[in-house]
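A short worksheet on the structure shown next.
This one's a predicted model, so the numbers in the text were calculated from it and none came from an experiment. Throughout, protein chains are lettered first and strands after them, A, B, ... in sequence-line order, and every chain is numbered starting at 1.
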Protein chains: 2
Amino acid sequence: MFEILLKNITRRIQLTSEETALFTSLLSVKKLKRRQFLVQEGEFNKYSAFVTSGCLRSYTVDKNGFEHVLQFAPQDWWITDMASFLHNLPGTLFIDAIFESEVVLIQRSGIEKLYQTIPQFERYFRILAENALVTYQRRLMDNLSLTARERYDHFCTRYPSLIETLPQKQVAAYIGVTPEFLSKMLNTGTGRKGQTETS
Amino acid sequence: MFEILLKNITRRIQLTSEETALFTSLLSVKKLKRRQFLVQEGEFNKYSAFVTSGCLRSYTVDKNGFEHVLQFAPQDWWITDMASFLHNLPGTLFIDAIFESEVVLIQRSGIEKLYQTIPQFERYFRILAENALVTYQRRLMDNLSLTARERYDHFCTRYPSLIETLPQKQVAAYIGVTPEFLSKMLNTGTGRKGQTETS
DNA sequence: TTTTTTTCTTAATCTGCATTATTGGACCAA
DNA sequence: TTGGTCCAATAATGCAGATTAAGAAAAAAA
């Protein structure tokens, strides 16, 4: 049932079978259709979600109605509105499924129980947070110092499988350009188009 | 000697006096003059630094020679090149002192020793990483969705004391505009200038 | 299949911010 | 005092990417 998640966890920490049982007792499963929301802006984000199939995204909508993607979460990734989840605040993000997806959910209270009974989980989530932190730092610096094309190329390098499955529009909302400009960029300039002709 | 740091830590976890003694035995102190580097790009960043006075910054220099600030670290903040520190890679950041400063240093090996002997430190650094993560997420979304003026106003709101002590140039390199444009922006438009005339 | 919705493309026009350059002031060391 | 270094202010010119507006193509839904 929870193999993918357990495999992800045991890459960082070891659990006994009792610990595994306690852990899985805190989980639930949810299926999401394309476009279905996990949470919306303003709601309290009570769950952290681990994606077992499909792909989710978190994003904001600015005052002009444009979407800006904070994170894509394909299989084997966690996604949540961290600020809301950690500090019990109204959320600022929308999280929805880009394709039909399945996620494993855990509540804040479940995680706190884990910290108390299986301290190893402090380590697991510390490592996840540190890695995510480094990723966001790099992305921020990329946004400050690179051109749109360079940011696109970095995205292709770092997420080669996403570039093939996601609508271009979503990639544009992640790297911080309009869909129109991304399209033009790919069909004009001296382009590495990242095409994968099944030659 | 290490009061500021210990006070910071005991806001999140409790330590016995033996634990405190072990912890402080892993620390060292370093004074930095204005402009003095803690580490430079390409070096292995062996230390994490906690600022006890003054102010440090981490930044990159792009291919055109422009600086982009990742973080300011005034008193009571940690600063390091996380990617290098965590994964033993050559660093990508410069870290230097903006003013004369004093920092407390701890090595990667020291932190690992802490994790083994005082598991509470897993929690302390998990909490730090989570908070930093949320901060970078918000800043990234600000960069994607706000104008330069809005980013400046946010900076003033979030770091009111920094805005008064830092050279304008450093703020520009943080919010992602040129010093020239920031200057023009503050001396033209319908400006909230955040001035603090000691009225 | 047909219909509907979503996504991609193209192109003309516009603009926020960069670039480049120059000036003057504040601070500091010799 | 002089000279050096850093920083802020101003302004003219340029460009990467936004905006607006269609229409075409592809994918979902019916």
Exercise. Taking atom P of D:dC6 as reference, at what distance in whole Å does atom CG of B:Asp96 sit?
Worked result: 13 Å

Problem set entry | B:Ala148, nearest nucleotide to its side chain (from C:dC17, C:dT10, D:dG17) | C:dC17

Seminar exercise, completed: In whole angstroms, the gap separating P of C:dG16 from CG of B:Leu182 amounts to 17 Å

For this session: Mind calculating the distance between CD1 (B:Ile163) and P (D:dA8) to the nearest angstrom?
Result: 11 Å

Exercise. What integer distance in Å separates A:Met185:CE from D:dA16:C1'?
Worked result: 11 Å

Exercise. Only one of A:Arg35, A:Arg57, A:Gln36 forms a side-chain hydrogen bond (donor to acceptor under 3.5 Å, both in side chains) with A:Asp96, so which one is it?
Worked result: A:Arg57

Exercise. Within 45° of the six-membered ring axis of B:Tyr174 and under 6.0 Å from that ring's centre, is NZ or CZ of B:Arg139 located there?
Worked result: yes

Exercise. Cation over ring, B:Arg149 on B:Tyr152, under 6.0 Å and within 45°?
Worked result: no

Exercise. Whole-Å distance between D:dA8 P and B:Leu186 CG?
Worked result: 10 Å

For this session: Establish, yes or no, whether a centroid distance under 6.0 Å links the rings of A:Trp78 and A:Phe85.
Result: no

Problem set entry | Nearest-Å distance for atom pair CD/C1', residues A:Glu180 and D:dT20 | 9 Å

Exercise. Salt bridge (Lys or Arg N to Asp or Glu O under 4.0 Å) between B:Lys184 and B:Glu180: does it pass, once the steps are laid out?
Worked result: CA-CA 6 Å; B:Lys184 178 177 151 193; B:Glu180 292 83 356; over 6 Å; no

Seminar exercise, completed: Ranking B:Ser183 and B:Arg34 by the position along DNA chain D of their nearest nucleotide, the one closer to 5' is B:Arg34

For this session: Please state how far atom CG in B:Asn64 lies from atom P in D:dC15, giving the value in whole angstrom units.
Result: 15 Å

For this session: Name the nucleic acid region contacted by A:Phe66, choosing base, sugar-phosphate or nothing; use a 4.0 angstrom heavy-atom cut-off, strictly under.
Result: sugar-phosphate

Problem set entry | Closest to the B:Phe181 side chain, choosing from C:dC17, C:dT7, D:dA18 | C:dC17

For this session: Considering just the side-chain nitrogens and oxygens of A:Lys169, establish if one lies under 4.0 Å of OP1 or OP2 belonging to C:dT7.
Result: yes

For this session: Among the candidates C:dA18, C:dT7, D:dA8, find the nucleotide nearest to the side-chain atoms of A:Arg35.
Result: C:dT7

Exercise. Between B:Thr178 and C:dC17, is there a side-chain N or O to OP1/OP2 distance below 4.0 Å?
Worked result: no

Exercise. In whole Å, what is the span from the CD atom of A:Gln168 to the C1' atom of C:dT10?
Worked result: 13 Å

